[in-house]
Amino acid sequence: MSHVDDGILHAYLDGELSAVERARLEAHLADCSACGTRLEEARALVGRAAQLLAVAAPPERAAPPLQQLGRGRGRRRFVVPLTWAATVALALMTGWYARGGDGGRGTGDGSVAASPPAREGMPTMMPTEQERARVDTAVSVAGRAAEPAATGLTEGAQQRAAKTTTRVHDTIGAREADLLVANAADEPERAAARVEVPAPAPVAVPAAAPVDARGAGAPSAGPRAAAERRDRMVPRDLVSTTWRVIGRQPASSLLGTAPVAVPGLPIRELRESPLGDGVVLVEQQLAAGEVIQLFQRRAVAEHAGDDALRRQVYLDGELRAPAERLARYVGGLRVEIAGPLDTDSLNKLLESVRPIP
Amino acid sequence: MPEDLAEVYRTTYRALVRFLYRKVWDPERAEDLAQEAFARALVHKPENARGWLFVVAANLARDEARRAVRERRHLTLLRDAPAPVAAPPDEAVEAEHEQARVRWALERLTPRDREVLLLWDGGLSYDEIAVHTGLARGAVGTTLARARRRLVEAYEAGSEAADVARG
């Protein structure tokens with residue numbers, strides 16, 4: 001037998017030679033000291049390479065139960081399209097109802113920008129009888145569980161406001177929104193007419209849109225300045241969907257702990273949810289005209305089921321469920337992120353959040 | 001769920017995470033991708049689950065790498081974040097350097113050599129590696145021998161360079 005090549009030696013050391021090959025090699029090694037030396041060199045090389053690879057290993061962590069992956073996956077497939085549709089449906093529906101309350105102004109122009117911040121001085125939490133009737137219809141169609149979402153929107157005197165509120169609901173309570181999806185099917189034409197379907201990036205909330213009724217007038221591509229102008233023009237308390245600017249101290253007491261933010265990005269505002277649900281919004285300046293939003297609330301025990309689901313969806317949904325993967329837990333908080341970035345970038349940012357010192 | 005997949009999960013999950021980690025170099029991403037691969041296996045119920053998982057994982061990592069390139073701009077933001085106040089202990093810094101050198105060395109390998117090496121380290125047999133890569137079974141040992149030699153050589157060359165740089 002001629003000398004063996006390295007491949008055979010490595011296969012031998014890896015235990016991958018057949019019995020016949022092994023016997024032949026061992027017979028050769030017994031006679032050939034040169035190959036014996038090479039074998040020892042190969043053995044050292046195999047060990048050294050394994051050693052180096054072991055250095056390049058991630059920290060050991062326990063694997064989640066396999067069953068959970070299965071559940072998360074099945075559930076996700078169902079949830080994602082619905083949540084999507086719900087965003088559209090809710091935007092459309094509330095837009096339509098609100099427009100109805102407006103006397104149908106602007107119907108069919110495909111744009112709602114002309115709608116003024118109507119009913120100045122009117123206590124906007126109290127819908128008109130007309131609106132109330134419409135909303136009741138919506139609720140009865142959508143079912144009881146949809147009520148919070150629907151009533152939360154009744155005050156939306158402007159479609160844009162409604163739309164923004166929808167976003168918030170989509171972010172914070174996609175569950176409610178899910179139930180309204182049935183209505184979208186009932187109103188396909190209106191959907192087509194009025195809703196700019198927020199195509200694949202569900203979190204492409206207009207960079208500049210602060211989550212309140214006034215700023216919401218800015219179109220998706222609209223520059224931040226437009227929203228700010230509107231901000232200045234309209235008194236802050238006029239529309240009850242306003243996310244009030246609050247200080248750090250009140251935010252901390254709402255959350256029971258310090259709010260979190262992405263380190264190194266300037267914080268524009270801390271805001272409080274108008275729905276009294278204890279949600280705090282931290283807005284941070286990403287770049288000129290780009291703002292990311294971190295919605296956060298206490299991670300409450302009674303939501304544990306949902307939360308587990310969402311976390312699972314987040315883990316499992318890395319590749320195909322952008323709408324569902326932007327939530328995570330940080331300390332005692334549940335945090336969701338939105339901003340004009342790819343979902344992967346948002347995830348990166350979300351992973352980096354820390355309590356505001 | 002098929003019993004054997006549960007067993008594969010138990011024995012292979014960490015190996016798959018390691019395999020992915022050496023491609024994406026982000027522990028959380030590696031775990032997410034590994035879980036994604038297993039979630040797909042639950043649906044597809046492949047015959048040779050272990051080999052199949054590594055194929056899927058390799059594809060996921062490749063997609064991931066493409067996406068990462070596109071997103072580099074945004075991720076540079078994160079690097080601008082202020083450094084942590086307390087400097088990490090020396091051992092942690094050293095471990096990080098060490099890992100960076102191994103990574104650098106791995107990246108000196110040809111894609112095929114690297115793939116074969118990582119698959120072997122992930123626990124695949126020569127047969128499985130041959131199926132995965134399209135190599136003849138007899139070529140797997142030769143490829144592994146070359147990959148190991150180049151890894152060690154590149155690592156040592158890189159370390160020498162680093163030592164020189166440190167003066």
Side-chain angles (χ1 to χ4, degrees), chain A residues 5-17 42 44-46 48-61 63-70 72-74 76 262-265 286-287 312 314-320 325 341-342 344-349 351-352 354 357, chain B residues 1 5-6 9-10 13-14 17-18 21-22 26-36 38-40 42-43 60 63-64 67-68 70-71 74-75 77-78 80-82 95 98-99 101-103 105-106 117-118 120-121 125-126 138-149 151-152 155:
Chain A
D5 73 22
D6 281 347
I8 298 288
L9 292 175
H10 280 250
Y12 174 69
L13 293 167
D14 289 338
E16 288 278 349
L17 288 185
L45 184 59
V46 169
R48 183 73 180 127
Q51 207 178 19
L52 289 180
L53 283 172
V55 169
E60 287 286 322
R61 268 187 296 208
L66 178 59
Q67 293 86 337
Q68 258 183 37
L69 304 187
R73 185 185 182 77
R76 184 190 72 216
V262 178
L265 292 182
L286 197 59
Q312 194 50 60
Y314 163 64
L315 285 173
D316 183 22
E318 208 46 51
L319 297 170
R320 278 177 294 168
R325 68 185 194 183
L341 298 181
D342 295 348
D344 275 34
S345 300
L346 288 174
N347 264 334
K348 276 281 176 202
L349 290 171
E351 280 162 14
S352 74
R354 297 283 177 277
Chain B
M1 173 196 343
L5 187 58
Y9 187 64
R10 202 179 60 73
Y13 175 75
R14 289 308 321 168
V17 171
R18 265 200 313 279
Y21 178 71
R22 289 156 187 168
D26 174 335
E28 291 187 13
R29 192 68 93 213
E31 293 198 8
D32 287 351
L33 294 177
Q35 288 168 21
E36 170 71 17
F38 273 102
R40 291 187 186 191
L42 280 170
V43 174
L60 290 175
D63 294 347
E64 182 75 11
R67 211 181 4 247
R70 286 201 299 273
E71 286 174 4
H74 285 317
L75 299 186
L77 281 168
L78 298 171
D80 295 337
E98 189 73 358
Q99 186 169 113
R101 281 199 286 269
V102 175
R103 175 178 177 173
L106 266 174
L117 184 61
L118 295 184
W120 169 256
D121 199 68
S125 67
Y126 278 25
V140 174
T142 311
T143 308
L144 263 178
R146 185 176 54 234
R148 284 161 167 157
R149 196 182 62 246
L151 176 71
V152 171
Y155 174 83

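Letters A, B, ... mirror the listed sequences (proteins, then strands); counts begin at 1.
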Can you tell if the side chain of A:K348 reaches within under 4.5 Å of the side chain of B:R29, non-hydrogen atoms only? yes

Name the region of B:T143, side chain, backbone, both or neither, that has any atom closer than 4.5 Å to a heavy atom of chain A. neither

Before you tell me yes or no, could you show the steps for B:R148 and A:D6 under salt bridge (Lys or Arg N to Asp or Glu O under 4.0 Å), namely the whole-Å CA-CA distance, both residues' side-chain angles and the distance that decides it to 0.1 Å? CA-CA 11 Å; B:R148 284 161 167 157; A:D6 281 347; over 6 Å; no

Check: A:P65 and B:Y9 side chains under 4.5 Å, non-hydrogen atoms: no

Rounded to the nearest 0.5 angstrom, the CH2-NE2 distance for B:W120 and A:H10 is 11.5 Å

Looking only at heavy atoms, the pair that brings A:L45 and B:A145 closest together is CD2-O, 4.1 Å

Quick one: does B:L117's side chain get under 4.5 Å of A:L53's, heavy atoms only? yes

Counting only heavy atoms closer than 4.5 Å, note whether B:R14 contacts chain A via side chain, backbone, both or neither. side chain

Roughly how far, to the nearest 0.5 Å, is the CG atom of A:L52 from the CG atom of B:L106? 8.5 Å

B:V152 versus chain A, the contacting section by heavy-atom distance below 4.5 Å: both

Go through the atoms of A:E60 and report whether side chain, backbone, both or neither lie under 4.5 Å from a heavy atom of chain B. both

Side chain, backbone, both or neither: which part of B:R22 has an atom under 4.5 Å from a heavy atom of chain A? side chain

Contact origin within B:Y126 toward chain A - heavy atom pairs under 4.5 Å: both

Heavy-atom pair count under 4.5 Å with chain A, highest-scoring of B:R103, B:R149, B:R10: B:R149

Using side-chain heavy atoms (C-beta onward) and a distance below 4.5 Å, is B:L144 in contact with A:V46? no

Checked B:S125, B:A105, B:A147, B:A95 vs chain A; the most non-hydrogen pairs under 4.5 Å come from B:S125

Scanning both residues in full, the closest heavy-atom pair of A:A57 with B:Q99 reads O-NE2, 3.6 Å

In terms of heavy-atom pairs under 4.5 Å, which option from A:A49, A:A56, A:A42, A:G15 contacts chain B the most? A:A56

Where does A:A54 contact chain B at under 4.5 Å (heavy atoms): side chain, backbone, both or neither? backbone

